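Keep in mind that the numbers below use all heavy atoms, side chains included, and drop hydrogens, waters and symmetry copies. All figures in this text were calculated on a predicted structure; none of them were measured in a lab. Whatever order the structure lists them in is the order used to number ligands and atoms, beginning at 1.
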Amino acid sequence: MNIVFISAEVVPFSKTGGLGDVSAAFPKAMKELGHNIVIFTPLYKKINLEAHNIKLVKKDLVAPVGDGLEVFELYESTLPDSLVQVYFIKNKYLFREGIYVDEETGEDYADSAMRFFSFSQSVFTSLELLDFAPDIIHANDWHTGLVPFLLKTQYVEKPLFSKTKSVYTIHNIGYQGIYPLEKLADANIPEIYYTDDFLGFNDQINFMKAAVVYTDILTTVSSKYAEEIQTKKYGFGLEKFIETRKDDLYGIVHGIDLTIWNPKVDPLIVKNYDVHKLKGKAECKSYLQDKLNLDVSDKPILGIITRIASQKGLNMIMKKFDAIMDLKVQFILLGTGDPKLEKRFKSKEKKYPEDCSINIEFDNRLAHQIEAASDFFLMPSIYEPCGLNQMYSMAYGTIPIVRNTGGLSDTVTDYVDDQANGNGFVFENAKADEFFEAVELAVSLYHNDQPSFIKLQKRVMNIDFSWNNAAKKWQKVYEQALKKRWKKK
Ligand code: ADP
């Protein structure tokens with residue numbers, strides 16, 4: 001199939017979270033299955049053209065934005081170690097220091113609606129330039145939510161797109177791209193589309209809702225999350241729209257890219273190791289303890305790498321922080337986000353200088369080193385569509401402690417319930433006491449029964465989280481999409 005994959009972030013060019021990782025790993029896996037897949041992503045200012053061998057394809061292209069005067073430039077490169085073609089759109093809206101947030105003010109860019117509308121339009125113009133006829137256009141998250149709409153209302157009658165079907169993936173329904181209508185005024189979209197039957201929702205424009213209405217096939221990133229987003233608790237107001245599309249809704253957990261997240265070959269950790277030679281993991285642990293000025297001790301390390309956002313359940317950790325430290329553990333956090341919570345965590349570092357390290361920054365190397373050095377990884381998420389870190393952790397022999405939600409539910413089973421097969425510690429409700437109980441049980445296994453702990457470590461390292469299985473499921477979803485017949489609205 002000819003597949004166009006569109007995403008606001010793609011590793012190694014840009015990343016704020018899991019979307020960036022997946023937007024590289026997924027196309028690679030589909031390419032390996034034999035599909036002709038190309039990626040489209042914005043060119044942000046921080047992306048270094050030389051370092052990534054990014055070359056200009058054409059200047060002075062014009063996308064039909066507003067009066068038809070939106071000029072953009074098209075660039076190209078390939079994903080590292082693969083033949084997947086990546087195209088970059090550069091225009092005045094997209095070419096900024098930040099991806100979503102103005103780094104000087106810390107605020108979201110005020111014109112994000114136009115930024116990502118212009119991006120989506122430019123992708124279609126580029127496909128026409130390249131004479132690329134897609135079987136599937138696959139858009140991701142709110143940023144590209146208008147892609148299925150543009151396909152069905154502007155492009156499907158053109159010969160190049162006459163057979164094109166759209167697939168849309170919700171990676172996080174908590175971010176829908178909701179804006180006052182005037183924010184898209186420059187887009188010149190006919191007013192009729194602003195009603196609630198189409199793009200509008202409660203008199204605002206809602207990018208994700210638009211995709212739910214217009215896409216041929218809707219997907220999300222775990223089977224549990226596919227159920228959850230049809231409920232009021234998790235649907236963030238979109239549940240009733242999702243429910244109407246439930247026959248076209250699929251939930252597939254991501255795989256992980258084992259060329260990047262694999263302790264056997266990872267160049268970012270001090271000692272490589274694998275399930276047969278776990279000694280290297282101990283070296284990674286003492287190295288990191290030393291680097292972060294912690295006591296170099298046998299205490300178990302609880303690691304966490306996260307956006308500091310309410311979604312991630314960090315308040316539960318904060319509530320139980322002192323009780324957790326009383327369990328004779330070390331705690332390492334890497335993350336950025338909510339300044340208030342950042343400060344509260346920082347104060348704990350002062351209280352436990354030898355056992356607690358709080359790193360408020362975005363640092364990919366440190367992220368890999370924490371995965372390798374930790375004994376446990378905390379993900380007490382309020383909701384977690386898929387989650388990659390629990391799978392990265394297991395690949396590194398680090399036992400996840402998670403709440404039973406979304407992709408965590410699809411990938412982690414409780415060791416306490418089933419010691420023969422369990423691969424982590426799972427608690428049910430987003431309550432600090434339940435979270436703490438899971439931590440207590442996990443740490444007690446480490447302190448009191450090392451042979452069982454090591455057995456568990458080896459078990460999780462042997463689980464196959466590669467993309468192979470997921471890619472085959474995706475192929476079936478694409479085949480379903482090709483069978484779809486669109487009824488004009
Ligand atoms: P989400 O996409 O909700 O942020 P995931 O668990 O799916 O959560 O993916 C998070 C990804 O972002 C992981 O690759 C993680 O290592 C990375 N990450 C998050 N915060 C940081 C940080 N401060 N520094 C480096 N990497 C980070």
Side-chain angles (χ1 to χ4, degrees), residues 7-26 99-101 103 140-143 169-175 220-222 224-225 228-229 234 236 252-263 266 268-269 288 292 303-314 332-339 341-342 345-346 357-374 377-396 398 400-403 405-412 424 465 467 470:
S7 176
E9 26 183 305
V10 180
V11 158
F13 314 109
S14 53
K15 166 171 174 175
T16 67
L19 179 65
D21 286 357
V22 168
S23 298
F26 172 79
I99 296 182
Y100 313 118
V101 175
E103 290 177 359
N140 294 280
D141 262 356
W142 80 260
H143 329 99
T169 301
I170 296 174
H171 295 258
N172 191 334
I173 207 166
Y175 302 83
T220 189
V221 292
S222 62
K224 179 82 168 184
Y225 198 57
E228 287 174 341
I229 57 177
Y234 292 95
F236 283 84
I252 303 175
V253 167
H254 301 313
I256 64 174
D257 187 337
L258 290 169
T259 65
I260 297 175
W261 293 94
N262 180 354
D266 189 340
L268 302 178
I269 60 177
L288 191 65
L292 299 177
I304 178 162
I305 305 161
T306 184
R307 288 182 292 113
I308 302 186
S310 56
Q311 172 201 341
K312 299 294 182 178
L314 299 165
I332 301 178
L333 177 143
L334 170 63
T336 56
D338 175 7
L341 252 179
E342 285 178 354
F345 273 110
K346 259 304 189 199
S357 169
I358 305 297
N359 306 274
I360 307 296
E361 59 191 324
F362 197 95
D363 181 342
N364 187 45
R365 177 182 296 267
L366 186 55
H368 283 248
Q369 292 178 343
I370 292 173
E371 289 291 8
S374 300
F377 195 93
L378 304 180
M379 291 181 85
S381 307
I382 308 295
Y383 73 94
E384 191 63 68
C386 176
L388 292 170
N389 274 323
Q390 80 278 17
M391 292 186 272
Y392 295 157
S393 297
M394 287 190 258
Y396 285 74
T398 301
I401 301 174
V402 308
R403 190 167 96 74
T405 184
L408 300 172
S409 180
D410 280 27
T411 53
V412 186
F465 285 117
W467 266 98

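Contact between Gly387 and ligand 1 is present, with at least one heavy atom of the residue lying under 4.0 Å from the ligand. For Lys15, the closest heavy-atom approach to ligand 1 falls below 4.0 Å.
When each atom of ligand 1 is checked for a heavy atom of Arg307 under 4.0 Å away, the hits are 1 (P), 3 (O), 4 (O). Residue contact check: Asp21 has heavy atoms under 4.0 Å from atoms 14 (O) of ligand 1.
In this structure, the protein non-hydrogen atom closest to atom 23 (N) of ligand 1 is Glu361 O, 2.8 Å. If you check which protein heavy atom lies closest to atom 2 (O) of ligand 1, you get Gly18 N, 2.7 Å. For atom 24 (N) of ligand 1, the closest non-hydrogen atom on the protein side is Asp363 N, 3.0 Å. Annotation: atom 7 (O) of ligand 1 to nearest protein heavy atom, Leu388 N, 3.2 Å. Considering only non-hydrogen protein atoms, atom 13 (C) of ligand 1 sits nearest to Asn389 OD1, 3.6 Å. The protein heavy-atom contact nearest to atom 19 (C) of ligand 1 is Ile305 CG2, 4.0 Å. Of the protein's non-hydrogen atoms, Lys312 NZ, 3.3 Å is the one closest to atom 8 (O) of ligand 1.
Within the 3.5 Å criterion, the main-chain N or O of Ile170 finds a donor-acceptor partner in the side chain of Thr220. A donor-acceptor pair under 3.5 Å is absent between the side-chain atoms of Asp257 and the main chain of Asp21, judged by distance alone. Looking only at distances, a side-chain donor or acceptor of Glu228 sits under 3.5 Å from a matching main-chain atom of Gly406. Formation of a donor-acceptor pair under 3.5 Å by the Ser222 side chain with backbone atoms of Cys386 is not found in this model. Judged by distance alone, the side chain of Lys346 and the main-chain N or O of Ile358 form a donor-acceptor pair under 3.5 Å. The main-chain N or O of Ile308 is never found under 3.5 Å from a side-chain atom of Glu342 such that the two would form a donor-acceptor pair. Counting only distance, with no hydrogens or angles, the side chain of Thr169 and the backbone of Asn140 share no donor-acceptor pair below 3.5 Å.
Closest heavy-atom approach to atom 22 (C) of ligand 1 within the set Phe362, Trp261, Tyr392: this belongs to Phe362.
By the 3.5 Å distance cut-off applied to N or O atoms, Met379 is not counted among the residues near ligand 1.
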